[in-house]
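Okay, structure first, notes after.
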Amino acid sequence: MSHGYATYGDDPEFTQEYPEPVDTTRRDLDELFAAVDGLRAAVEETDDRLRQDVADLTERLESGGANRQEDRIDLLGRRLERLQQQVQALERAVRVSDGVPQVNLDDVGAETRALAAEAARWDDLHKELVTKEQRARYEEEITRLESVRAAHAQCDRDLLDVIEVLASTDRASRARGDAEPELRALTTRRRTLLDEEIPAAVEAAEQAKLALREADAVEARVVPQLERAERAWHDLQVRLRTRITDALGSNALLPTWFGNALGVSPPSGTSGDAWIRTAASVLAYRVTFGVTDQALPLGPPAPEDADTTERRWTWRARLESDLDQLSL
């Protein structure tokens, strides 16, 4: 239909076209997904190749060169691990670009931090208590006084028997001859008991009784606090476990440190409970000591001059062992 003037459609020499706008976000996502798929395929291929290499190397170990073969296995394992890390990083980038919400597990709030602080008092409180071994030593000191006094009583009885023999026998009799040296020995023994052993045992027993009374007083004061610390630890674990499971259930993006240490989900079977317990304990460690490192789940290692017997570092060592067990 013509309106009396030429239109673009009517002009055979007009060939201009209007291109559709390019969606760069969609293109970037497509590239990321393609990269993830490519890396997954590479991981699978490397995994298959690694299995074959391990099988081949196992056959060669009997013929020598074990150290060299072990080095090669270790190298292949590291390569596979790096590929898996790259896949995880790209998957994370895809989810971030796709608008998946991120959860900050460390942001637990003041109440939970207070629970962590209360639970952290357990070790120091427990150190105040007298150990069972120390109590046993105190009780031995008290029992020893009774034994020394019993020895003194027996010595007195033996002396009376000897004196009776001496009083009832002639000077030339054989019984009297045996009784006289025994009298000297018993007299010396009695003097040692009275002058040395009994006073020392009395003093040791009194100190032991005083120590036990003080230990009872400390126990009466500390045990209720220990019980509060234990309840705080239990409540802290429940809270953190729930926080982690809620994050998993919401399909939110977990922190990098969590994925590096534990992956993105618990394993199937009975090992799943050990996984969630370890995850809650790692988070409890971070909350207790204020760890904020986003790459390292337990933060930087202990400095060279640190006392590795302190609670923080012994706890860290246990968690590292637990994480290693999960990776087996």
Side-chain angles (χ1 to χ4, degrees), residues 74 77-78 81-82 85 88 103-135 215 218-219 221-245 247 254-264 266-267 271-328:
D74 183 60
R78 290 198 303 272
E81 183 179 359
R82 281 196 296 271
Q85 290 172 348
Q88 291 175 356
V103 61
N104 181 6
L105 293 177
D106 295 324
D107 187 15
V108 295
E111 188 174 346
T112 301
R113 293 190 182 281
L115 279 177
E118 181 67 32
R121 299 182 62 223
W122 192 93
D123 285 270
D124 290 335
L125 288 169
H126 191 265
K127 290 176 183 177
E128 295 186 40
L129 296 177
V130 173
T131 64
K132 292 181 178 179
E133 293 77 12
Q134 187 61 58
R135 278 186 173 273
V218 170
E219 189 170 296
R221 173 178 58 82
V222 168
V223 167
Q225 298 181 66
L226 278 173
E227 292 172 350
R228 286 197 297 272
E230 289 172 355
R231 287 194 299 271
W233 173 252
H234 176 268
D235 293 345
L236 178 66
Q237 286 285 300
V238 171
R239 284 186 179 220
L240 298 182
R241 181 171 181 145
T242 302
R243 184 172 179 80
I244 293 170
T245 54
L254 294 169
T256 302
W257 66 261
F258 190 95
N260 290 345
L262 296 145
V264 296
S271 57
D273 187 59
W275 184 91
I276 192 64
R277 284 201 313 271
T278 302
S281 294
V282 169
L283 183 53
Y285 179 92
R286 291 176 66 88
V287 172
T288 300
F289 298 111
V291 176
T292 58
D293 194 302
Q294 290 305 300
L296 302 175
L298 304 175
E304 293 183 0
D305 59 346
D307 181 3
T308 55
T309 62
E310 291 181 357
R311 175 174 179 265
R312 173 169 186 166
W313 308 121
T314 57
W315 187 3
R316 180 192 177 99
R318 289 195 302 271
L319 289 175
E320 288 174 341
S321 176
D322 292 342
L323 291 171
D324 287 342
Q325 289 297 318
L326 290 178
S327 65
L328 293 179

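Here the structure is a predicted model, which means the values were calculated and not measured. Just so you know, these numbers use all the heavy atoms, side chains as well, and skip hydrogens, waters and symmetry mates.
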Given side chain to side chain contact (heavy atoms under 4.5 Å, CB included), test E219 with E128 step by step and report yes or no.
CA-CA 8 Å; E219 189 170 296; E128 295 186 40; over 6 Å; no
Set out, in order, the CA-CA distance, both residues' side-chain angles and the distance that settles side chain to side chain contact (heavy atoms under 4.5 Å, CB included) for L298 and L319, then state yes or no.
CA-CA 9 Å; L298 304 175; L319 289 175; 3.8 Å; yes
Which atoms form the tightest heavy-atom contact between D293 and P300, and what is the distance?
OD2-CD, 4.5 Å
Quick one: CG on D107 to OG1 on T112, what's the gap to the nearest 0.5 Å?
10.0 Å
When every non-hydrogen atom of A215 is compared with those of V130, the smallest separation belongs to CB-CG2, 3.3 Å
What distance separates R316 CZ from S321 OG, expressed to the nearest 0.5 Å?
13.5 Å
Audit row: W313, Y285, ring-ring contact (aromatic ring centres under 6.0 Å, His included) steps and yes/no:
CA-CA 10 Å; W313 308 121; Y285 179 92; 7.6 Å; no
Side chain to side chain, R113 and V108, heavy atoms closer than 4.5 Å:
yes
With a 4.5 Å heavy-atom cut-off, do L296 and N260 have their side chains touching?
no
Looking at T314 and R311, would you say the former's side chain and the latter's main chain have a donor-acceptor pair under 3.5 Å?
yes
Heavy-atom closest contact (T288 atom, A116 atom, distance)
OG1-CB, 3.8 Å
Distance from D235 atom CG to L115 atom CG, nearest 0.5 Å?
6.0 Å
Nearest 0.5 Å, what's the CZ-CG distance between R243 and N104?
7.0 Å
To the nearest 0.5 Å, what is the distance between CG on L326 and CG on L262?
6.5 Å
Of all heavy-atom pairs between W275 and P266, which one has the smallest distance, and what is that distance?
CE3-CB, 3.2 Å
Under the 3.5 angstrom rule, does the side chain of Q294 hit a backbone N or O of T292 as a donor-acceptor pair?
yes
Taking all heavy atoms of A247 and all of L254, pick out the closest pair and write down the distance.
CB-CD2, 3.8 Å
Should R277 and Q237 count as side-chain neighbours, where that means a heavy-atom distance under 4.5 Å?
no
Backbone N/O of P267 and side chain of S271: donor-acceptor pair under 3.5 Å:
no
Are R318 and D322 ion-paired here, with the side-chain N under 4.0 Å from a carboxylate O?
no
Could you walk me through whether F258 and I244 pass the side chain to side chain contact (heavy atoms under 4.5 Å, CB included) test, one step at a time?
CA-CA 10 Å; F258 190 95; I244 293 170; 3.9 Å; yes
Start with the C-alpha gap between W257 and L105, add the side-chain angles, then the distance that decides, and say whether side chain to side chain contact (heavy atoms under 4.5 Å, CB included) holds.
CA-CA 10 Å; W257 66 261; L105 293 177; 4.2 Å; yes
Validation: residues 222-231 side-chain donor-acceptor distances under 3.5 Å, sequence neighbours left out:
from: Q225; atom 1: OE1; to: R121; atom 2: NH2; distance (Å): 2.7
from: Q225; atom 1: NE2; to: R221; atom 2: O; distance (Å): 3.1
from: E230; atom 1: OE2; to: W122; atom 2: NE1; distance (Å): 3.2

